[in-house]
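Single-structure report; data block below.
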Protein chains: 2
Amino acid sequence: MTRASERAVGALRELILHGDFPAGARLGEVELAERLGVSRTPVREALARLSAEGLVEIAPNRGARVTSWTVGELEAVFELRAALEPRLTALAVPRAATADGDALDDLAERMVRVGRPGPDQDLDALVPLNREFHGRLVALADHPAMATALAGAVHAPIVLRNFHTYDPASLRRSLAHHVEIVAALRAGDPTWAAAVMTAHIHNARAVMVRAARHAQEGA
Amino acid sequence: MTRASERAVGALRELILHGDFPAGARLGEVELAERLGVSRTPVREALARLSAEGLVEIAPNRGARVTSWTVGELEAVFELRAALEPRLTALAVPRAATADGDALDDLAERMVRVGRPGPDQDLDALVPLNREFHGRLVALADHPAMATALAGAVHAPIVLRNFHTYDPASLRRSLAHHVEIVAALRAGDPTWAAAVMTAHIHNARAVMVRAARHAQEGA
DNA sequence: CCAGCGAAGATTGTGTGCAACTTAAGATCG
DNA sequence: CGATCTTAAGTTGCACACAATCTTCGCTGG
């Protein structure tokens, strides 16, 4: 059997990312321990690790909560992504083999199909595909320092259930960016790829900030 | 009394940064527990947190070791710093009050005095001053996302006991950079400050990479 | 002599009990 | 009636014990 703390980390991360625990929700240790079928010890370790990832916040003697983001913090996260992810994309270009391009192309195409308005549209299916796309790109860059620095930042938009907040034009742009990044990668042009990634992130930033502002005022 | 795990994190971080545990050294839990006067539980938590900071590496069922850096990883860390720290510096400029400029000026001047060749030179004294200087700049930027992303990277050079590896010309440049950054900050010019910070990091990178190469070949 | 195997020792992973702290409700006093 | 103190319930922090895993050393066989 795999390690209990390992399972706890994965399970809890999925629960949070999937929205079972909304932002700000309290994460009691005994509650999680029962739910995950382990004792409090691995739960504590899982919370500590997710805290390092930025998914939960731990207040001493007061327990853990799912991280909640102010508009300002959300903008800050996108600034960080804008600083790092284009660089990683550029690094990935010369390292990509043909097969990597094929895999990314497949992902980008599937996202376009699933994201296109109509009866087949499934915005929830976009989330894992998007994670996979960006994850593969980061892996190709083969730059652990930047990858870990980025890791804490990428979860924030996901927690906000992002694709439902995209307006049609922004969503179309976002999906087109993926396709264009693959094209730039296949053309072996890191500057092109990085530029599209920059645009991609700024587009996402605009969507998320608008949504967060709206949610904040609406509440 | 303050929390045991908190003390353990701080104490262990200082021990590693101070060089009591060389890179690659094994960190047995019972050994640390006895040394720090706590039980294994807070030690494990401390190791987990320092692992998130990048100071130690944990292998499942095989314990923790002080992170050791290959030349390639070291270069990667400096790439990350080059991507983030100039931005943070630029952000810090408009937020700095006169008192902040004074404090940074004081630090920069003390570093110049302590770093100047002669009987008063004390390269070990530079380490905490340098940490404080960069730390204050990061704090001024008031950008938690970037700050935490950077946190893991800044330790690496310190672990390598850096200032002893500087040749006189590079050291002089490095100390001059600090002074110039303060000047740019006082002039309210973020572009200037960011540019000097970029140069500062590239200068450090050249020194560290050369030293790491030398150490690797010498061993 | 070397490779592979096996058992003992050591170390990490997990469960559980108790102490310390936080928090919220109720009582007491102004 | 409102504010503050008290108290009790619940939760986290820590220590310790046991289980699982890894490592090392010795042994056997080729």
Side-chain angles (χ1 to χ4, degrees), chain A residues 1-16 20-68 144 148 151-152 159, chain B residues 1-16 20-68 144 148 151-152 159:
Chain A
M1 188 203 280
T2 167
R3 250 165 296 299
S5 65
E6 207 68 30
R7 270 186 305 133
V9 171
L12 186 50
R13 187 192 289 120
E14 291 310 316
L15 282 173
I16 294 174
D20 289 37
F21 293 102
R26 200 164 177 306
L27 299 169
E29 295 179 0
V30 291
E31 173 198 354
L32 293 174
E34 290 174 7
R35 183 154 181 173
L36 302 177
V38 296
S39 92
R40 277 179 52 215
T41 306
V43 168
R44 283 178 66 82
E45 186 161 334
L47 289 173
R49 284 176 54 178
L50 293 178
S51 161
E53 284 184 26
L55 265 179
V56 310
E57 289 173 330
I58 297 178
N61 284 319
R62 297 176 55 183
R65 314 186 86 90
V66 178
T67 303
S68 63
T148 59
V159 170
Chain B
M1 191 205 277
T2 167
R3 252 173 308 293
S5 67
E6 206 68 31
R7 270 185 305 132
V9 172
L12 186 51
R13 187 194 289 121
E14 291 309 315
L15 282 173
I16 295 173
D20 289 36
F21 292 102
R26 203 165 175 303
L27 298 170
E29 295 180 359
V30 290
E31 172 198 354
L32 292 174
E34 290 175 6
R35 184 154 179 173
L36 301 178
V38 295
S39 94
R40 276 178 54 213
T41 307
V43 168
R44 282 179 67 82
E45 186 162 334
L47 288 172
R49 284 177 53 179
L50 293 178
S51 161
E53 284 184 25
L55 265 180
V56 311
E57 288 173 330
I58 297 178
N61 284 319
R62 297 177 58 182
R65 313 188 85 90
V66 178
T67 304
S68 63
T148 59
V159 170

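All chains are named by letter (A, B, ...) in the order of the sequence lines, taking the proteins before the strands, and each is independently numbered beginning at 1.
- Counting to the nearest Å, the C1' atom of dA15(D) and the CD atom of Glu29(B) are 14 Å from each other.
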Query raised in the report: Taking it one step at a time, do Arg44(A) and Glu45(B) satisfy salt bridge (charged side-chain N to carboxylate O under 4.0 Å, His left out)?
Result: CA-CA 9 Å; Arg44(A) 283 178 66 82; Glu45(B) 186 162 334; 3.5 Å; yes
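- Listed by residue number, the members of residues 30-40 of chain B with any heavy atom below 4.0 angstrom from DNA chain C are Arg40(B).
- Of the two residues near DNA chain D, Thr41(A) and Arg62(A), the one whose nearest nucleotide lies more 5' is Arg62(A).
- Between Arg7(B) atom CZ and dC14(D) atom C1' the separation is 11 Å, expressed in whole Å.
- Separating the CG atom of Asn61(A) from the P atom of dA9(D) is a distance of 20 Å, rounded to the nearest angstrom.
- Rounded to an integer number of Å, the gap from Arg26(A) CZ to dT11(D) P is 7 Å.
- Taking side-chain N and O atoms only, Arg44(A) has a distance below 4.0 Å to OP1 or OP2 of dG13(D).
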**Report entry** Chi angles and distances behind the salt bridge (charged side-chain N to carboxylate O under 4.0 Å, His left out) call for Arg62(A), Glu57(A)
**Finding:** CA-CA 10 Å; Arg62(A) 297 176 55 183; Glu57(A) 289 173 330; over 6 Å; no
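- For the pair Leu15(A) and Leu32(A), the minimum side-chain heavy-atom distance is 4.5 Å or more.
- Rounded to whole Å, the distance from CZ on Arg3(B) to P on dT22(C) is 8 Å.
- Whole-Å rounding puts the Glu6(B) CD to dG13(D) P distance at 10 Å.
- Taking both residues in full, the closest heavy atoms of Val38(A) and Ala4(A) are given as CG1-CB, 3.8 Å, listed atom of the first, atom of the second, then distance.
- Among all heavy-atom pairs drawn from Ile58(B) and Ala64(B), the shortest one is CG1-CB, 4.0 Å.
- Inter-residue side-chain proximity for Asp20(B) and Arg35(B) is flagged as met; some heavy-atom pair is nearer than 4.5 Å.
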